[in-house]
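No hydrogens, no waters, no symmetry mates; every other heavy atom, side chains included, goes into these values. Only a predicted model underlies this, so the values are computations on that prediction, with no experimental measurement involved.
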Amino acid sequence: MPRLTDARKELRRAQITEAAVRCFGRSGLERTSIADITAESGLSTGSIYAHYRSKAELVQASARATLAKRAEVLGEYARAENPPDPDELLARMTSAIDPVEARFGVQIWAEATTDPAIGRIVEDMIDRMRLLVHDCTTAWLVKAEGGDPVAARERAAPIARRVIALYLAELLQTALRPLTEETTS
């Protein structure tokens with residue numbers, strides 16, 4: 001049997017977590033089985049267990065991967081030559097919300113209240129997103145006003161908190177909407 005390279009392993013892990021997120025988003029964490037994820041991914045059960053020892057480990061990896069995607073996009077906005085103003089940033093963030101990922105995200109928040117490992121993942125990623133929105137808002141203030149970066153960073157803090165709060169509210173509203181055929185594929 002050929003051995004997988006590290007790059008192939010990462011691709012396979014991503015394939016599994018993406019399939020898991022789709023399943024969790026459609027059916028919920030509790031009702032999704034490894035058999036569901038196997039069918040969704042097109043891989044064997046053995047392949048999934050070769051990468052993840054348990055469903056709990058797969059849930060954690062899926063949470064990290066989903067939240068990391070959001071953080072990556074925010075980082076790109078913060079590093080842009082012309083960072084978006086807070087209203088544009090919020091519009092971009094909310095327009096990029098995937099309904100299935102939103103449902104999974106809300107389920108992960110619920111799990112975070114009782115599962116310390118998930119709680120740490122959610123707390124870390126929300127802190128990371130807050131910091132990135134803060135960075136983006138600071139960059140926008142410096143660029144728009146040509147002011148002192150230290151003063152801009154201080155002024156950006158309450159703005160960034162509001163942007164994140166509004167984003168999370170939209171994420172929750174999206175998650176509560178019924179999934180349609182086109183959002184589940």
Side-chain angles (χ1 to χ4, degrees), residues 9-77 89-133 136 160-161 163-185:
K9 284 180 187 176
E10 285 308 308
L11 285 173
R12 185 61 44 92
R13 288 176 68 84
Q15 179 183 0
I16 295 167
T17 58
E18 289 167 8
V21 168
R22 288 190 301 271
C23 290
F24 295 143
R26 276 194 310 262
S27 303
L29 295 175
E30 291 297 318
R31 287 188 297 273
T32 297
S33 67
I34 292 295
D36 296 326
I37 297 165
T38 298
E40 182 75 23
S41 69
L43 300 172
S44 69
T45 302
S47 181
I48 290 174
Y49 280 116
H51 294 280
Y52 299 101
R53 292 184 303 250
S54 65
K55 182 178 164 186
E57 186 179 308
L58 180 53
V59 168
Q60 292 172 17
S62 299
R64 272 191 219 93
T66 301
L67 295 169
K69 281 192 329 190
R70 294 294 126 241
E72 184 179 318
V73 171
L74 288 173
E76 290 171 14
Y77 295 154
L89 177 61
L90 180 61
R92 289 181 188 184
M93 291 169 65
T94 57
S95 70
I97 294 173
D98 174 88
V100 173
E101 288 181 3
R103 290 172 67 105
F104 174 62
V106 170
Q107 293 172 60
I108 290 299
W109 293 346
E111 283 294 308
T113 65
T114 58
D115 181 332
I118 295 288
R120 286 188 295 277
I121 293 166
V122 170
E123 191 174 306
D124 176 58
M125 292 310 294
I126 288 178
D127 288 346
R128 199 165 141 206
M129 287 179 67
R130 269 194 201 115
L131 179 62
L132 290 166
V133 169
C136 193
R161 282 193 297 273
V163 169
I164 283 291
L166 291 168
Y167 170 73
L168 293 175
E170 183 63 30
L171 191 77
L172 177 60
Q173 282 188 318
T174 301
L176 294 174
R177 290 185 198 115
L179 289 177
T180 62
E181 207 47 51
E182 60 270 4
T183 60
T184 58
S185 48

Is there side-chain contact between Arg12 and Leu43, with at least one heavy-atom pair below 4.5 Å?
yes
Is it the case that the side chain of Arg130 and the backbone of Ile126 share a donor-acceptor pair, with hydrogens and angles ignored and the cut-off at 3.5 Å?
no
Ser47 side chain to Ser44 main-chain N or O, any donor-acceptor pair under 3.5 Å?
no
Residue pair Met93 / Val163, side-chain heavy-atom distance below 4.5 Å:
yes
Worked check of side-chain contact (heavy atoms from CB on, under 4.5 Å) between Leu74 and Tyr167:
CA-CA 12 Å; Leu74 288 173; Tyr167 170 73; over 6 Å; no
Using atom types as modelled and distance alone, determine if a side-chain donor or acceptor of Gln15 lies under 3.5 Å from a backbone N or O of Ser41.
yes
Quick check: does any side chain N or O of Thr32 sit under 3.5 Å from a backbone N or O of Cys23, one acting as donor and the other as acceptor?
yes
Tightest non-hydrogen contact, residues Gly25 and Leu179, listed as O-CD1, 3.6 Å
Please name the pair of heavy atoms, one in Phe24 and one in Gln107, separated by the smallest distance, quoted to 0.1 Å.
O-NE2, 3.0 Å
Identify the two heavy atoms, one from Thr174 and one from Pro99, that lie closest to each other, and give their separation to 0.1 Å.
CG2-CA, 3.8 Å
So Tyr52 and Ile34, do their side chains get closer than 4.5 Å, heavy atoms only?
no
Would Arg92 and Tyr77 count as a cation-pi pair here, with the cationic atom under 6.0 angstrom from the ring centre and within 45° of the axis?
yes
Rounding to 0.5 Å, atoms OG1 (Thr113) and CD (Glu111) come to a distance of 7.5 Å
Should the heavy atoms of other residues, nucleotides or ligands under 6.0 Å from CD of Glu123 be counted, would the total exceed 12?
no
Apply side-chain contact (heavy atoms from CB on, under 4.5 Å) to the pair Arg70 and Glu101, showing each step before the final yes or no.
CA-CA 10 Å; Arg70 294 294 126 241; Glu101 288 181 3; 3.1 Å; yes
Any donor-acceptor N/O pair, Arg13 side chain to His51 backbone, under 3.5 Å
yes
So Asp98 and Phe104, do their side chains get closer than 4.5 Å, heavy atoms only?
no
Has Asp124 got a side-chain atom pairing as donor or acceptor with Ile121's backbone, closer than 3.5 angstrom?
no
For the student: nearest non-hydrogen atoms of Met125 and Ala71, plus distance
CE-CB, 4.0 Å
What I'd like to find out is whether the side chain of Ile108 reaches to under 4.5 Å of the side chain of Val59, using heavy atoms alone.
yes
Hey, what do you get for CD (Glu72) to CG (Leu67), rounding to the nearest 0.5 Å?
13.0 Å
Rounded to the nearest 0.5 Å, how far apart are CE of Met129 and CG of Asp127?
11.0 Å
Between NZ on residue Lys55 and CD1 on residue Ile37, distance to nearest 0.5 Å:
7.0 Å
For the CD1 atom of Ile164 and the CG atom of Leu171, what is their distance to the nearest 0.5 Å?
10.5 Å
In Å and rounded to the nearest 0.5 Å, what is the CG to CZ distance from Asp36 to Arg26?
8.0 Å
